[in-house]
Amino acid sequence: MRFALVTLLGLLCVAHAQTITAKNWQSHPAILEIRGIYAGVNALIAQKKLRLETKTFAYCPSWDLERKQYASANAVVRRYVKAGGSDDSAVTLDHTYDALGRLRFVLIKAGAVNDTQLELRWYFDASGKQLWVDRRMTGPGYPFSNANFLRAMVRNPKKAFAATPPC
């Protein structure tokens with residue numbers, strides 16, 4: 001019995017440590033864990049078990065004109081959304097945090113007036129290391145940069161929510 005348990009734990013560790021590839025990313029245990037966290041936060045929001053706070057700022061070209069944070073009873077932010085844009089594009093960054101407040105997933109939706117639509121799914125492990133990015137774009141294209149999205153991500157949602165307006 002003990003041998004079977006040790007073997008099972010070993011197999012789980014190996015599967016979890018397996019390299020994430022374009023072929024296996026959708027079924028990889030690390031990605032499935034993050035999807036579970038995301039679904040759990042969605043359920044908490046639907047059940048109204050997270051406290052919602054919002055802020056909206058006057059227009060200026062920025063991805064930070066609307067802020068929403070959903071926090072647990074013990075003040076851990078589980079979802080942080082910021083959105084904004086310019087005259088020719090709009091972006092929403094939807095961050096999901098685990099029960100310890102660590103960033104685990106960011107869903108980015110962006111669009112431009114030329115009918116370009118972009119959806120990015122960014123997955124992070126518990127230490128904050130990027131595990132995988134799924135990028136899907138339709139339309140003629142727009143210069144949306146992964147580097148700009150990375151800089152715009154929020155690792156400390158309480159600080160970001162309290163920050164002064166962008167313009």
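Keep in mind the model is a prediction, meaning the values are calculated, not measured.
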Check: [X] side chain, [Y] main-chain N or O, donor-acceptor pair, under 3.5 Å:
X: Arg78; Y: Tyr97; answer: yes
X: Lys158; Y: Ala75; answer: yes
X: Arg121; Y: Asp134; answer: no
X: His95; Y: Tyr80; answer: yes
X: Lys82; Y: Ala152; answer: yes
X: Thr116; Y: Gly141; answer: yes
X: Arg79; Y: Leu50; answer: no

> Of all heavy-atom pairs between Val76 and Leu100, which one has the smallest distance, and what is that distance?
Replying inline: CG1-C, 4.2 Å

For the residue pair [X] and [Y], does the interplanar ring angle fall in the parallel (under 30°), tilted (30 to 60°) or perpendicular (over 60°) class?
X: Tyr142; Y: Phe144; answer: tilted
X: Phe105; Y: Tyr38; answer: perpendicular
X: Trp25; Y: Trp132; answer: parallel

>> I'd like to know whether NZ of Lys68 has more than 12 heavy-atom contacts from other residues, nucleotides or ligands below 6.0 angstrom.
In response: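 12 or below, so no.
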
>> Check this for me: Asp115, atom CG, are more than 12 non-hydrogen atoms of other residues, nucleotides or ligands nearer than 6.0 Å?
In response: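 Not more than 12 within 6.0 Å, no.
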
> Checking salt bridge (charged side-chain N to carboxylate O under 4.0 Å, His left out) for the pair Arg104/Glu33: CA distance, chi angles, key distance, verdict?
Replying inline: CA-CA 10 Å; Arg104 301 303 302 276; Glu33 174 191 5; 3.7 Å; yes

>> Any carboxylate oxygen within less than 4.0 angstrom of a Lys/Arg side-chain nitrogen, looking at Arg51 and Glu53?
In response: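 Yes.
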
>> Strictly below 4.0 Å, N to O, side chains only: are Arg102 and Asp98 in salt-bridge contact?
In response: yes

> Just by distance, with hydrogens left out, do Ser27 and Asn24 show a side-chain donor and acceptor under 3.5 Å apart?
Replying inline: no

>> For the residue pair Lys55 and Phe161, would you count it as a cation-pi contact if the rule is NZ or CZ under 6.0 angstrom from the ring centre and within 45 degrees of the ring axis?
In response: yes

